[in-house]
Novice: 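The structure follows.
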2 protein chains.
Amino acid sequence: MKTRNAIIRDIANSMRSQEVIDKLSRTFSVLGDPTRTRLIFAMSKAELCVAELSELLGMSHSAISHQMRALKDLDLVRCRKEGRKAFYRLNDEHIENLFEEGLKHVLEP
Amino acid sequence: MKTRNAIIRDIANSMRSQEVIDKLSRTFSVLGDPTRTRLIFAMSKAELCVAELSELLGMSHSAISHQMRALKDLDLVRCRKEGRKAFYRLNDEHIENLFEEGLKHVLEP
DNA sequence: TTAATATATGAACAACTTTTCACATGTTAA
DNA sequence: TTAACATGTGAAAAGTTGTTCATATATTAA
């Protein structure tokens with residue numbers, strides 16, 4: 001049977017690197033803003049351009065563009081340019097799972 | 001074939017309530033801080049008391065206690081009192097899944 | 001009871017974030 | 001080319017957050 005100290009030591013040894021912790025927390029942090037949560041929700045339904053997201057959320061193009069950059073910086077969304085439009089969609093199914101898992105927690109009784 | 005406008009309208013209609021969006025974003029937000037990310041990691045390995053978490057992270061008891069409250073307020077952790085100690089652990093497997101899913105995204109090539 | 005221990009909490013300050021505003025960049029149409 | 005359009009970006013204001021410090025509460029031991 002392990003001592004309490006041995007347990008602590010084991011956890012300390014298995015702790016992720018600062019780099020991984022930072023990227024992980026920034027990823028959650030980026031999901032953790034109502035505007036971006038709504039953007040993620042919208043994009044879980046369809047690929048959308050800035051003007052459409054702007055209309056959906058009732059916010060300025062500029063505000064949306066700033067937020068899309070935050071999402072893109074952490075690889076949560078991908079961008080596809082078509083003429084002067086920029087279409088955004090979720091980067092992969094991981095993001096959708098992450099979002100769904102969070103939703104399940106929130107909707108729990 | 002649906003028009004662009006019809007797509008937008010459908011998404012607007014299926015958008016979650018402000019209440020759900022807010023709790024969801026607050027949940028992600030709470031995970032989105034390096035200190036709390038490390039706390040979640042530690043508790044994914046074992047139930048731990050404030051003093052142990054404090055030692056593990058090299059932070060004051062007060063700082064840990066404040067953060068545990070944030071985690072508890074959003075039902076991410078549960079507390080069990082034993083004498084004067086308070087043992088914390090993840091609230092359910094949802095939280096562990098959420099954390100694992102985030103980690104997968106971050107560790108992706 | 002008093003002292004010691006473990007955790008919790010309010011206030012305050014520094015650090016960070018989000019939106020707005022003004023303007024820049026890049027693309028299409030005339 | 002010029003005008004119109006779609007998006008991107010830097011700076012700044014207003015708001016939010018995390019830690020520290022001092023102190024409070026609660027439990028145990030003497």
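The structure presented is a predicted model; accordingly, all values stated were derived computationally and were not measured. The chains referred to below are lettered A, B, ... by the order of the sequence lines, with proteins before strands, and numbering in each begins at 1.
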Novice: Rounded to whole angstrom units, what separation is found between the CZ atom of Arg69(A) and the P atom of dT19(C)?
Specialist: 15 Å
Novice: Heavy-atom count around Glu108(A) CD within 6.0 Å, excluding the residue itself: above 12?
Specialist: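 Atom CD in Glu108(A) is packed in, count exceeds 12.
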Novice: Quick check: does any side chain N or O of Ser14(A) sit under 3.5 Å from a backbone N or O of Asp10(A), one acting as donor and the other as acceptor?
Specialist: yes
Novice: Just the endpoints, please: which first and last nucleotides of DNA chain D, 5' to 3', lie under 4.0 Å from a heavy atom of chain B?
Specialist: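 With heavy atoms of chain B under 4.0 Å away, the range is dG18(D) to dT28(D).
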Novice: For a quick check, tell me whether the side chain of His66(A) and the base of dT20(C) share a donor-acceptor pair closer than 3.5 Å.
Specialist: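 Under the 3.5 Å cut-off, the side chain and the base do form a donor-acceptor pair.
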Novice: Name the nucleic acid region contacted by Phe87(B), choosing base, sugar-phosphate or nothing; use a 4.0 angstrom heavy-atom cut-off, strictly under.
Specialist: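 Phe87(B): no heavy atom of the nucleic acid under 4.0 Å.
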Novice: Would you say the side chain of Leu39(B) lies within less than 4.5 Å of the side chain of Val77(B), judging by non-hydrogen atoms?
Specialist: no
Novice: Please determine whether a side-chain nitrogen or oxygen atom of Gln67(A) lies at a distance below 4.0 Å from atom OP1 or OP2 of dT19(C).
Specialist: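 For dT19(C), OP1/OP2 do have a side-chain N/O of Gln67(A) under 4.0 Å.
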Novice: Is the shortest side-chain N/O distance from Thr35(A) to OP1 or OP2 of dT19(C) below 4.0 Å?
Specialist: yes
Novice: Would you mind reading off the distance between Leu71(A) atom CG and dT17(C) atom P, rounded to a whole angstrom?
Specialist: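 Interatomic distance, CG of Leu71(A) to P of dT17(C): 14 Å.
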Novice: Figure out the NE2/C1' separation between His61(A) and dT19(C), and round it to whole Å.
Specialist: 15 Å
Novice: Measure the distance from CD on Glu82(B) to C1' on dA6(C) and round it to the nearest whole Å.
Specialist: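 Going from Glu82(B) (CD) to dA6(C) (C1'), I get 13 Å.
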Novice: Send over the distance from Lys85(B) NZ to dT5(C) P, rounded to a whole Å.
Specialist: 13 Å
Novice: State, to 0.1 Å, how close Val106(B) and Leu24(A) come at their nearest heavy-atom pair, and which atoms those are.
Specialist: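 It is CG2-CA, 3.6 Å.
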Novice: Once you apply a heavy-atom cut-off of 4.0 Å, does Met68(B) come out as touching a base, just sugar-phosphate, or nothing?
Specialist: nothing
Novice: Rounded to the nearest 0.5 Å, how far apart are CG of Asp75(B) and CG of Asn91(B)?
Specialist: 6.0 Å
Novice: Could you check which of dT5(C), dT20(C), dT9(C) has an atom nearest any side-chain atom of Arg84(B)?
Specialist: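 From the listed options, dT5(C) comes nearest.
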Novice: Checking salt bridge (Lys or Arg N to Asp or Glu O under 4.0 Å) between Arg4(A) and each of Glu47(B), Glu55(B), Glu52(B), which is the one that passes?
Specialist: Glu52(B)
Novice: State whether a side-chain donor-acceptor pair under 3.5 Å links Glu101(B) with Asn97(B).
Specialist: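 Checked: Glu101(B)/Asn97(B) side chains show no N/O donor-acceptor pair below 3.5 Å.
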Novice: Which is true for Ser60(A) with a 4.0 Å heavy-atom rule: it touches a base, it touches only sugar-phosphate, or it touches nothing?
Specialist: sugar-phosphate
Novice: For dT18(C), does OP1 or OP2 lie under 4.0 Å from any side-chain N or O of Arg36(A)?
Specialist: yes
Novice: On DNA chain C, check which nucleotide each of Ala51(B) and Asp33(A) is closest to and give me the residue with the more 5' one.
Specialist: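 Result: Ala51(B).
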